[in-house]
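Below: one structure, written as structure tokens.
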Amino acid sequence: MLRVDAIDVAYGYAHVVHRVSLGVEPGEMVFVVGRNGAGKTTLLKTLAGFLSPVRGVIDFDGRQVQGMTAEALARQGMRFVNQDKKVFADLTVKDNMELAAYACGESLDQAVERLIGMYPKFASFLEKKAGNLSGGQREILLIGRALVGEPRLLLIDEPTEGLAAIVIEDIFRILRGMKHKISSVIVEQNLSVVSRLADRILIMKEGEIAREIADPAEIADVAALESWL
Amino acid sequence: MFDTILYGLTIGAILYLFSTGLSITFGTMHIINFAHGMIYAIGVYLFISLLPLLWGSFPLSLAVAVAAMLPLAYLVERFVIRRLYGDGIDYAIIATYAILLIGTDLIKLVWGSGPKPVSDPIGIPIQILGTTVQTYRVVVFICAVAVFVALRMFFSRHVIGKIVVAALKDRDGVRSLGLDVNKYFSIVFVIGSGLAVMGGVLYAPITVAEPYMGFHVLLLAFAVVIVGGMGNLTGTFFSALGLGQVIALTGRFYPAGADTMVFVVMTLVLLKEPIVDLLRRLVGKHGIGNFS
Ligand SMILES: Nc1ncnc2c1ncn2[C@@H]1O[C@H](COP(=O)(O)OP(=O)(O)OP(=O)(O)O)[C@@H](O)[C@H]1O
Ligand SMILES: [Mg+2]
């Protein structure tokens with residue numbers, strides 16, 4: 001589904017990601033963990049087409065896509081959810097969904113129905129300005145927006161960052177609901193969430209993938225995961 | 001007095017129609033677009049040439065002139081403005097100013113440098129509040145209000161309008177849905193250009209067309225956009241009408257100062273923040289209260 005081969009990413013002269021390779025199989029949920037500044041966001045933005053690698057190959061569904069624009073990749077079925085939980089604040093929740101539906105020619109009703117299925121409280125918030133939502137609701141709206149049009153690969157940057165414990169459980173349930181249905185690469189610092197959901201974990205350190213963990217017993221061991229960071 | 005206010009509303013209406021595009025381009029591309037004055041002036045000259053060809057019909061010639069300028073506006077956006085995106089405001093000023101100069105010389109070449117009058121298409125005065133006023137001026141004002149309402153509907157109801165509103169603050173968010181932001185910015189740029197031509201044509205019977213008309217309106221429009229808040233379309237509407245009153249009222253009592261007064265108001269608006277800030281600091285220093 002996705003194959004990344006030895007990509008380097010830089011901001012001007014500052015090289016941030018070094019020779020990163022990874023693969024995502026259909027239906028797999030891959031987590032990327034690592035300290036602040038390790039280069040996780042940079043990696044995800046590069047996969048999504050917001051940054052171009054200076055070297056290396058990104059292969060999505062059998063096509064080389066490095067250097068393609070973010071909007072073109074989104075139309076190919078790759079969706080990116082930013083770390084900053086930024087929704088279209090001046091528009092209503094429904095309008096947010098309308099833009100997503102318009103972009104991929106899906107019906108708005110269907111998109112809204114799926115969103116409410118994911119998070120029933122939205123039924124009464126549809127006409128509310130998205131800027132007035134709580135952090136958790138904004139994240140859910142962003143994931144809901146990204147799921148419109150049945151994408152094949154979802155890239156989510158720190159979905160639980162800055163959220164209260166009970167809201168983290170809402171996000172956890174939503175991510176669990178996506179498991180095996182859609183491929184995903186999720187950057188996440190909350191290791192309890194990671195260990196309960198991951199098919200595979202990539203540990204990132206100083207711009208490199210320092211370790212890959214695929215053994216279910218190792219994935220389940222939160223304390224051991226902690227020691228790798 | 002009422003005719004002065006109506007004159008102010010008419011001038012405000014014209015300024016609004018012109019400034020909207022300038023404000024949109026600033027909001028979307030962060031560019032100060034002098035080429036807007038070129039579209040405006042050429043549009044008016046085109047209208048003057050079309051008028052005799054289209055059986056002297058003012059509305060028809062207006063519509064055709066606006067429609068004819070849209071492709072030119074698109075080319076300016078696609079090949080100049082869009083390329084300048086993110087390159088800093090100085091390059092944009094130089095490049096779009098060059099387009100304005102080229103347009104002005106083109107007008108002189110094709111239509112000559114003398115002023116060209118356009119006659120009032122309605123001509124019949126009406127009585128409002130006991131004053132006799134030109135019906136045409138009332139119509140111009142109504143047109144501007146209609147455009148204002150239509151634009152508000154467009155940006156709040158139409159999906160393309162909503163995309164632009166979303167992209168103003170979160171360009172990458174719109175891109176990650178698979179939408180090509182440039183395309184939608186281009187659409188509103190072209191709409192803004194069409195409104196400028198409309199403003200120019202509606203203004204022509206009130207003044208005359210001359211090759212430098214784009215320069216003059218640009219200066220006033222900068223004041224409108226600054227007072228109204230760059231990229232703020234509702235602000236642009238009220239600021240245009242407000243500055244229209246400034247021009248009309250100053251012009252009534254001291255004609256030579258009419259335009260200057262606009263810039264005095266603009267300067268006051270620009271200085272408002274620093275002055276308020278300074279007052280706060282002074283007050284804060286003397287221990288009367290701390291507002292920050
Ligand atoms: N726009 C930029 N220009 C220059 N350097 C940047 C830019 N964005 C990020 N960096 C640098 O690149 C490195 C990696 O940043 P990145 O945001 O990818 O890390 P991260 O792993 O996502 O961190 P966090 O956990 O804080 O989100 C950091 O050293 C950061 O300072
Ligand atoms: Mg990050």
Side-chain angles (χ1 to χ4, degrees), chain A residues 41 44-45 47-51 68-106 108 111 127 129-131 138 141-151 153-157, chain B residues 20 23-24 26-30 77-79 81-88 148 151-189 191 228-237:
Chain A
T41 297
L44 223 54
K45 282 194 171 168
L47 299 182
F50 287 102
L51 297 168
M68 239 161 97
T69 63
E71 50 271 34
L73 281 168
R75 284 195 293 268
Q76 306 253 321
M78 190 192 287
R79 295 291 154 74
F80 172 66
V81 176
N82 212 327
Q83 184 170 0
D84 54 19
K85 301 192 172 35
K86 198 167 161 190
V87 291
F88 303 140
D90 298 331
L91 303 183
T92 64
V93 170
K94 195 173 172 188
D95 287 342
N96 269 261
M97 295 306 286
E98 185 187 359
L99 299 203
Y102 175 79
C104 43
E106 191 179 290
L108 175 59
E127 299 302 332
K129 279 260 168 76
R138 265 183 276 158
L141 176 58
L142 287 173
I143 296 175
R145 234 167 62 176
L147 284 172
V148 175
E150 280 154 27
L153 177 66
L154 214 55
L155 309 168
I156 311 179
D157 201 355
Chain B
T20 297
S23 187
I24 287 176
F26 192 85
T28 53
M29 310 301 275
H30 309 291
E77 196 280 337
R78 180 68 188 78
F79 293 104
I81 308 278
R82 200 184 295 180
R83 284 181 184 214
L84 291 166
Y85 181 73
D87 267 351
F148 174 67
L151 276 184
R152 284 199 65 135
M153 302 264 282
F154 173 73
F155 284 108
S156 64
R157 307 264 170 83
H158 196 283
V159 69
I160 293 178
K162 292 179 198 173
I163 291 171
V164 172
V165 170
L168 282 175
K169 288 197 182 148
D170 187 8
R171 194 184 171 97
D172 284 350
V174 173
R175 294 181 64 200
S176 59
L177 297 177
L179 296 168
D180 181 359
V181 173
N182 289 332
K183 182 174 122 188
Y184 298 95
F185 282 179
S186 187
I187 293 171
V188 289
F189 180 92
I191 293 176
M230 304 212 181
N232 178 346
L233 293 185
T234 305
T236 300
F237 180 70

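Here is how names work: the chains are called A, B, and so on, in the same order as the sequence lines, proteins then strands, and each is numbered from 1.
If you measure heavy-atom distances from A:L91 to chain B, the contacts under 4.5 Å come from the side chain alone. For A:A100, the parts lying under 4.5 angstrom from a heavy atom of chain B are both the backbone and the side chain. Looking at B:F155, neither its backbone nor its side chain comes within 4.5 Å of chain A, counting heavy atoms on both sides.
Not counting sequence neighbours, the partners of B:D172 by the salt bridge (Lys or Arg N to Asp or Glu O under 4.0 Å) test are B:R175. With sequence neighbours excluded, no residue satisfies salt bridge (Lys or Arg N to Asp or Glu O under 4.0 Å) with B:R78.
Between the CE atom in A:M78 and the OG atom in B:S176 there is a gap of 12.5 Å [rounded to 0.5 Å]. The structure places CG of B:L179 at 8.5 Å from CD of A:E71, a figure rounded to the nearest 0.5 Å. How far CG of B:L168 is from CG of A:D90: 8.5 Å, rounded to the nearest 0.5 Å.
Taking a 6.0 Å sphere around CZ of B:R152, one finds it holds 12 or fewer heavy atoms contributed by other residues, nucleotides or ligands. More than 12 heavy-atom neighbours from other residues, nucleotides or ligands sit within 6.0 angstrom of NZ on A:K85.
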Residue pair A:F88, B:D170: steps toward the side-chain contact (heavy atoms from CB on, under 4.5 Å) verdict: CA-CA 7 Å; A:F88 303 140; B:D170 187 8; 3.7 Å; yes
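Contacts with chain B were tallied for A:G49, A:A70, A:P151; A:A70 has the most, counting heavy-atom pairs under 4.5 Å.
Heavy atoms only, all atoms of each residue included: B:L177 and A:A103 are closest at O-CB, 3.3 Å. The shortest non-hydrogen separation linking B:K162 to A:D95 is NZ-OD1, 2.8 Å.
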